[in-house]
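All values below were derived from every heavy atom in this structure, side-chain atoms included, with hydrogens, water molecules and symmetry-related copies excluded. Ligands are counted one by one from 1 in listed order, and the atoms in each one are counted from 1 as well.
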Amino acid sequence: MKIVKEAKTFDQVNTEVLIVGVQKNCDHIEGWKDFVSFYGESVEDWIRTCDIDTDRKKLTKLPYTGQNGQLKRVLFVGLGDTKTLTENELRETFGIVGKQLRALKVNEVSIWLESFTANPIDEETIAFLFAEGAGLGFYQTPNYKTTSNEVDVYMDTVHFVTNGDIDEIAAAYEVGKIYAESVNEARNLVNLPPNLLTATELGHYAEKLAKQYDFEIEILTKTELEELGMGGILSVNKGSVEEPRLITIKYQATEKWEDVIGLVGKGVTYDTGGYSIKTKTGMVGMKGDMGGAAAVLGAMKIIGEVRPNKNVVAVIGSTDNMISGEAFKPDDVITMYSGKTVEVLNTDAEGRLVLADAVTYAKQQGANYLIDVATLTGGVITALGFDKTGSLTNNEEFFDAFIESSIETGEFVWGMPLTEKDKKRIRKSDVADLNNSPGSDGHMIFGGGFVGEFVEETPWIHLDIAGTSNASNAHDLGPKGATGVMVRTLATFVERLGEQNN
Ligand code: BES
Ligand code: ZN
Ligand code: ZN
């Protein structure tokens, strides 16, 4: 979706498809009478007889046979009672529209913005949500089938039927498009098979991103990590023939490197569990264990495009977790980058070891705030299911601001408690400062809490996306597979941080 055009009246529409919102009661829409006389009075009968479904998220595709020679069909989009329509539901509705447009193989559409207005959702917001929702719904998981005859289609032009300010509408649309494209790129990373996406390859991707957006980038190799003594990431990497990487990207918008937001991602490109090995069914899908890294990179892409007046450092620890004669073992005692020692009780609790070193590094690079994001524990799925990201924090004010952003994006985040008793259990070991697996009860909290031991006083939020990073079924905003969760919330949060105080 690249080109934005404007049509002031229905006669000026010159695409084959026009998208029109139908509400439970369309009469209050100023242009409705014009639309009825353009399309034909039967439209009102069809709404009465439910041949055009006004129920929310229901689509009705009908031909157009009137004067306008270009237009072939109208896609009616049910909105239900717009008094209860939320922005998130509208985004999801547009997700379904995106899927339909892909199925119709159209690459040019018109959308009548006013038909979607609902107090307080204005035309600019609708343009944003359309770009974002349809862009996400449009996504298809890449495959490697040699027999595939799928013709790839892209919506490259959108026309707005509007009397509003087209420049403002186009600007909002462009931002929505960037949000969707960045999530889709993160989804592509997570969906990549682990033989193709190694830590080295993830580094190459980050390099390309940095070049595209003029970010400062540093990629530390195994030898460099050894020189620095990054025992967390190196221990996890020990059983692998693949090199680990610590990827650091900086986006500096103000003259001074201050008020720096640190985004830290778990980039485990494959998690076998190591010697605490996963079951043969539990291992399948562990290519997605770099979902946190993908979320951070996706957010950085948005930041690179939108260029907010904020300073951001992104740090990604990347390796796979494999077994061999060299691999780390339960009972090992390792020394982390911070100098703290850890008794390894479970090699499958590897993400926290990688994250801890990355967090220490982010602090050293000047991060004044920290958000880590990781597919960290199965425990979060047991606690919250597949539709809620679990979180921990050491700073309620910081967390409240984050929740505001997550409400805006519709990505559900739920705070879990981290008590002094939990911390005591993380610090309990006869031989080291910490242990990496205090128990299976409430282990989402131990996973994040372990990372918290390295954060110390810096305002911090931990996001466990093990449940939300991958969808086992298709949903309104995409197919099954990688969701790209938290890309939008992280970027929105970076854009909004500090605004509340202004
Ligand atoms: N990568 C897994 C967590 C995970 C589980 C991600 C399911 C996606 C879906 C993580 O490294 C892990 O294995 N965690 C263990 C922790 C346990 C050993 C303390 C778990 O959740 O079982
Ligand atoms: Zn694991
Ligand atoms: Zn893992």
Side-chain angles (χ1 to χ4, degrees), residues 190-191 194 197 199 202 232-233 235-240 244 264-295 316-323 327-332 342-358 372-390 392 416 422 425-426 428-429 434-451 462-472 480-486:
V190 177
N191 283 327
L197 188 75
L202 195 65
I233 183 168
S235 298
V236 177
N237 179 256
K238 265 178 91 184
S240 179
V264 176
K266 170 178 174 182
V268 173
T269 57
Y270 201 74
D271 183 11
T272 67
Y275 274 98
S276 311
I277 198 160
K278 290 183 182 296
T279 61
K280 61 183 171 224
T281 48
M283 206 182 290
V284 178
M286 281 302 143
K287 67 173 185 176
D289 213 15
M290 32 57 69
I316 288 161
S318 188
T319 174
D320 47 6
N321 184 21
M322 305 294 282
I323 47 172
F328 79 139
K329 312 164 287 297
D331 288 348
D332 278 359
V342 176
E343 179 182 10
V344 176
L345 295 177
N346 191 324
T347 60
D348 199 11
E350 85 297 342
R352 64 200 74 182
L353 301 173
V354 173
L355 282 172
D357 280 355
D372 78 83
V373 48
T375 48
L376 206 64
T377 66
V380 77
I381 304 173
T382 312
L384 298 174
F386 290 102
D387 59 348
K388 294 163 215 82
T389 292
L392 298 176
M416 305 286 272
D422 296 324
R425 287 180 66 184
I426 295 165
K428 189 171 180 298
S429 167
L434 305 171
N435 78 83
N436 81 331
S437 185
S440 56
D441 52 318
H443 74 250
M444 178 270 168
I445 292 168
F446 296 134
F450 183 92
V451 180
H462 163 69
L463 299 168
D464 192 334
I465 58 167
T468 47
S469 179
N470 241 283
S472 46
K480 76 172 184 187
T483 60
V485 74
M486 287 302 126

Peer 1: Under 4.0 Å, heavy-atom basis, I'd like to know which part of Asn470 is in contact with ligand 1: side chain, backbone, both or neither.
Peer 2: neither

Peer 1: To which protein heavy atom is atom 4 (C) of ligand 1 closest, and what is the distance rounded to 0.1 Å?
Peer 2: Met286 CE, 3.9 Å

Peer 1: Under 4.0 Å from a heavy atom of Asp289: give me the atoms of ligand 1 that qualify, with their elements.
Peer 2: 1 (N)

Peer 1: Where on Met283 is there a heavy atom closer than 4.0 Å to ligand 1, on the side chain, on the backbone, on both, or on neither?
Peer 2: neither

Peer 1: Name the closest protein heavy atom to atom 21 (O) of ligand 1, giving the residue it belongs to and the distance to 0.1 Å.
Peer 2: Gly378 N, 2.5 Å

Peer 1: With heavy-atom distances below 4.5 Å as the criterion, would you say the side chains of Asp441 and Arg425 are in contact?
Peer 2: yes

Peer 1: Of all N/O/S atoms in Asp271, which lies nearest to the Zn ion (ligand 2)?
Peer 2: OD2

Peer 1: Tell me which part of Met444 gets within contact of ligand 1: side chain, backbone, both or neither, using heavy atoms under 4.0 Å.
Peer 2: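 No part of Met444 comes within reach of ligand 1.
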
Peer 1: Considering only non-hydrogen protein atoms, determine which one is nearest to atom 22 (O) of ligand 1 and report residue, atom name and distance to 0.1 Å.
Peer 2: His443 NE2, 3.9 Å

Peer 1: With a 4.0 Å cut-off, would you call Lys329 and Asp332 a salt bridge?
Peer 2: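 Yes, this pair counts.
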
Peer 1: With nothing but distance in play, are any N or O atoms of Glu350 less than 3.5 Å from an N or O of ligand 1?
Peer 2: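 Such a contact does occur with ligand 1.
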
Peer 1: What N/O/S atom of Asp289 is the closest to the Zn ion (ligand 3)?
Peer 2: OD2

Peer 1: I'd like to check which ligand 1 atoms, numbered from 1 as shown, lie under 4.0 Å from a non-hydrogen atom of Arg352.
Peer 2: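 Counting atoms of ligand 1 from 1, those under 4.0 Å from Arg352 are 16 (C), 19 (C).
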
Peer 1: Looking at ligand 1, does any of its N/O atoms fall within less than 3.5 Å of an N/O of Lys278?
Peer 2: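 Among all N and O atoms of Lys278, at least one is under 3.5 Å from an N or O of ligand 1.
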
Peer 1: Using 2.8 Å as a strict upper limit, say whether an N, O or S atom of Lys266 approaches the Zn ion (ligand 3) that closely.
Peer 2: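 Under 2.8 Å: Lys266 contacts the Zn ion (ligand 3) through an N, O or S atom.
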
Peer 1: Between Asp372, Asp357, Asp289, which is the residue that forms a salt bridge (Lys or Arg N to Asp or Glu O under 4.0 Å) with Lys266?
Peer 2: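 When Asp372, Asp357, Asp289 are each tested with Lys266, the salt bridge (Lys or Arg N to Asp or Glu O under 4.0 Å) holds only for Asp289.
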
Peer 1: If you consider just the N/O/S atoms, which atom of Glu350 is the closest one to the Zn ion (ligand 3)?
Peer 2: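 Atom name returned: OE2.
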
Peer 1: Are more than 12 heavy atoms from other residues, nucleotides or ligands located less than 6.0 Å from atom CG of Asp331?
Peer 2: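 Not more than 12 within 6.0 Å, no.
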
Peer 1: When you measure from atom 15 (C) of ligand 1 to each heavy atom in Asn436, Asn321, Asp348, Val268, which option holds the nearest one?
Peer 2: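 When every heavy atom of Asn436, Asn321, Asp348, Val268 is considered, Asp348 comes closest to atom 15 (C) of ligand 1.
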
Peer 1: List the steps, then state whether side-chain contact (heavy atoms from CB on, under 4.5 Å) holds for Met290 with Val190.
Peer 2: CA-CA 7 Å; Met290 32 57 69; Val190 177; 4.0 Å; yes

Peer 1: For ligand 1, is there an atom lying under 4.0 Å from some heavy atom of Gly273?
Peer 2: no

